[in-house]
Undergrad: 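Below is the structure I would like to discuss, written out as structure tokens.
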2 protein chains.
Amino acid sequence: MGLFLSTVTNKVDSKGRVSVPAAFRTALKDQEFQGVVLYPSFTDPCIEGCGMDFLDRLSASLQQQPTFSPDLDEITELVFGSSQQLPYDQTGRIVLPREFMEHAGITDQAAFVGKGPTFQIWEPAAQMRKKQQLLERARKAPPRGPALAPGAGGGHTIGRGEAPA
Amino acid sequence: MGLFLSTVTNKVDSKGRVSVPAAFRTALKDQEFQGVVLYPSFTDPCIEGCGMDFLDRLSASLQQQPTFSPDLDEITELVFGSSQQLPYDQTGRIVLPREFMEHAGITDQAAFVGKGPTFQIWEPAAQMRKKQQLLERARKAPPRGPALAPGAGGGHTIGRGEAPA
DNA sequence: TTGACGCCCATGATTTCCCATGCGATACCA
DNA sequence: TGGTATCGCATGGGAAATCATGGGCGTCAA
């Protein structure tokens, strides 16, 4: 699965349509469902995004666990209940549901922010502020990452123009 | 199998008819039986819903259980005993059985809430309350563990560290 | 009859599809 | 090396299909 990288701001038209950045689409091109899955963030004024396989795996792993944590189960309930499957139109756009736009304060612009296996959609100004906050915090107390998983491979980040066809 | 996602509120007319959200019907379109299976929730004032195949699999997995759990058995009995198979009419509506409506307190509106492999039907206000409850709990006690990859921004990215394929 | 139920059609609103355009970057050619 | 053609991507708007909803009519059973 491709990773979502970088931040791209696109326009939201009067119908609520917005182009999903080409690089993001590339990251999802292998999926069965051609589109994205969105749900409102529970902690930030933004929209969370991922591919359908993300939810598929979530669902699958929940069903396998006989002893599921109630917490986890409830969160899942929230996620499923508040997510929406949004297919691309033929030019790679999706229609942002009105309630999601309101939750994120999005009016006519949307910033797609890559977060690795998932991404977020922000109102551009709000995303700036958030980013500044994170930067400051990082300066004060640099966060420490986990040990790198071995052999996860030559890694294929998504970039432009890697058409193996 | 498609997953049930998002929450959609539809009107219940004087005959007790309600449109099953198109997205839900899509999730069930591959099934033999064109309709849904409903049964009252035994923990919440709502109606549980799923496709026929879900019950098939439930039944199958129960028979595979090496150790027969009385709990499971009880659940099975409750589920199978109180469920109803409700076919769509030609426009994709079902007729909500009166006792189910009463159990859920539904009068003229019904909220379909996706829960992945299954869904629920609520009286809209009650569903709001339930959702708020879950939200608060999610914010207070964000689930931890290997299953969850906390995002940088106090995030709540949900994912399992499982191998991609 | 009265009501529950299945089936039909009608309608408005939304959503999706289709086509056209502008812009920028890259590839190509002279 | 300058200039030009071409492609991919983002964007806009109108047309067509889908969806949710309301109501009417016959049938069957109590």
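Here the structure is a predicted model, which is why all the values come from computation and not from measurement. Heavy-atom basis, side chains included; hydrogens, waters and symmetry copies ignored. So you know, we letter chains A, B, ... as the sequences are listed, proteins then strands, and number each from 1.
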Undergrad: Which residues, if any, of residues 101-113 of chain A bring a heavy atom under 4.0 Å of DNA chain C?
TA: none
Undergrad: Side-chain contact test, heavy atoms from C-beta onward, threshold under 4.5 Å: evaluate it for B:Leu28 versus B:Val20 and give yes or no.
TA: no
Undergrad: Do B:Arg93 and B:Lys15 come close enough that some side-chain heavy atom pair is under 4.5 Å?
TA: no
Undergrad: Quick check: do A:Ile94 and A:Leu38 have side-chain heavy atoms less than 4.5 Å from each other?
TA: yes
Undergrad: Would you kindly confirm whether A:Leu58 and B:Leu134 end up in one hydrophobic cluster when ILVMFWY residues are joined by side chain heavy atoms under 4.5 Å apart?
TA: yes
Undergrad: Name every residue in residues 9-17 of chain B that has at least one heavy atom under 4.0 Å from any atom of DNA chain D, in order of residue number, or write none if there are no such residues.
TA: B:Asn10, B:Lys11, B:Asp13, B:Lys15, B:Arg17
Undergrad: Just jot down the salt bridge (Lys or Arg N to Asp or Glu O under 4.0 Å) partners of B:Lys131, sequence neighbours excluded, or say none.
TA: none
Undergrad: Check whether any side-chain heavy atom of A:Leu55 lies under 4.5 Å from a side-chain heavy atom of A:Val79, and answer yes or no.
TA: yes
Undergrad: Please report the interatomic distance CD(A:Gln85) to OG1(B:Thr26), rounded to the nearest 0.5 Å.
TA: 9.0 Å
Undergrad: Which atoms form the tightest heavy-atom contact between A:Cys46 and A:Ala104, and what is the distance?
TA: CA-CB, 3.8 Å
Undergrad: In residues 3-11 of chain A, what donor-acceptor pairs under 3.5 Å come from side-chain atoms, sequence neighbours left out?
TA:
unit_1: A:Asn10; atom_1: ND2; unit_2: A:Ser19; atom_2: O; d: 2.8

Undergrad: To the nearest Å, give me how far apart CZ (A:Arg25) and P (D:dG8) are.
TA: 12 Å
Undergrad: Output the residues of residues 91-98 of chain A in contact with DNA chain D, where contact means a heavy atom of the residue under 4.0 Å from an atom of the strand; sort by number or write none.
TA: A:Thr91, A:Arg93
Undergrad: Can you sort out the partners of A:Asp108 under salt bridge (Lys or Arg N to Asp or Glu O under 4.0 Å), two or more places apart, ordered by chain and number?
TA: none
Undergrad: Partners of A:Arg25 by salt bridge (Lys or Arg N to Asp or Glu O under 4.0 Å), sequence neighbours excluded?
TA: none
Undergrad: Report for the helix from C:dT1-D:dA30 to C:dA30-D:dT1: angle between first-end and last-end helix axes, five pairs each, rounded to 10 degrees.
TA: 30°
Undergrad: Rounding to a whole Å, what distance do you find between B:Asp89:CG and D:dG24:P?
TA: 17 Å
Undergrad: Could you tell me whether B:Val20 contacts a base, only the sugar-phosphate backbone, or nothing, with contacts defined as non-hydrogen atoms closer than 4.0 Å?
TA: sugar-phosphate
Undergrad: For residues 109-126 of chain B, please give each side-chain donor-acceptor pair under 3.5 Å, one per line with the distance, not counting sequence neighbours.
TA:
unit_1: B:Lys115; atom_1: NZ; unit_2: A:Glu77; atom_2: OE1; d: 3.2
unit_1: B:Gln120; atom_1: OE1; unit_2: B:Trp122; atom_2: NE1; d: 2.8
unit_1: B:Gln120; atom_1: NE2; unit_2: B:Glu48; atom_2: OE2; d: 2.9
unit_1: B:Glu123; atom_1: OE1; unit_2: B:Ala125; atom_2: N; d: 3.1
unit_1: B:Glu123; atom_1: OE1; unit_2: B:Ala126; atom_2: N; d: 3.1

Undergrad: Taking only N and O in the side chain of B:Gln90, is any of them less than 4.0 Å away from OP1 or OP2 of C:dC8?
TA: yes
Undergrad: For B:Asp56, give me all partners under salt bridge (Lys or Arg N to Asp or Glu O under 4.0 Å), at least two apart in sequence or on another chain.
TA: none
Undergrad: Residues two or more places apart in sequence or in another chain: which of them pass side chain to side chain contact (heavy atoms under 4.5 Å, CB included) with B:Leu78?
TA: B:Phe42
Undergrad: Nearest heavy-atom pair of B:His103 and B:Pro40: which atoms, and what distance?
TA: CD2-CB, 3.7 Å
Undergrad: Pairs under 3.5 angstrom, nitrogen or oxygen only, protein versus nucleotides 28-30 of chain D, please.
TA:
none

Undergrad: How close or far is atom C1' of C:dC7 from atom CD of B:Gln34, stated in whole angstroms?
TA: 17 Å
Undergrad: Is there a path of hydrophobic side-chain contacts, each under 4.5 Å between heavy atoms, that joins A:Leu86 and A:Val95?
TA: no
Undergrad: Any base atoms under 4.0 Å from A:Pro21, or only sugar-phosphate, or nothing? Heavy atoms, all strands.
TA: sugar-phosphate
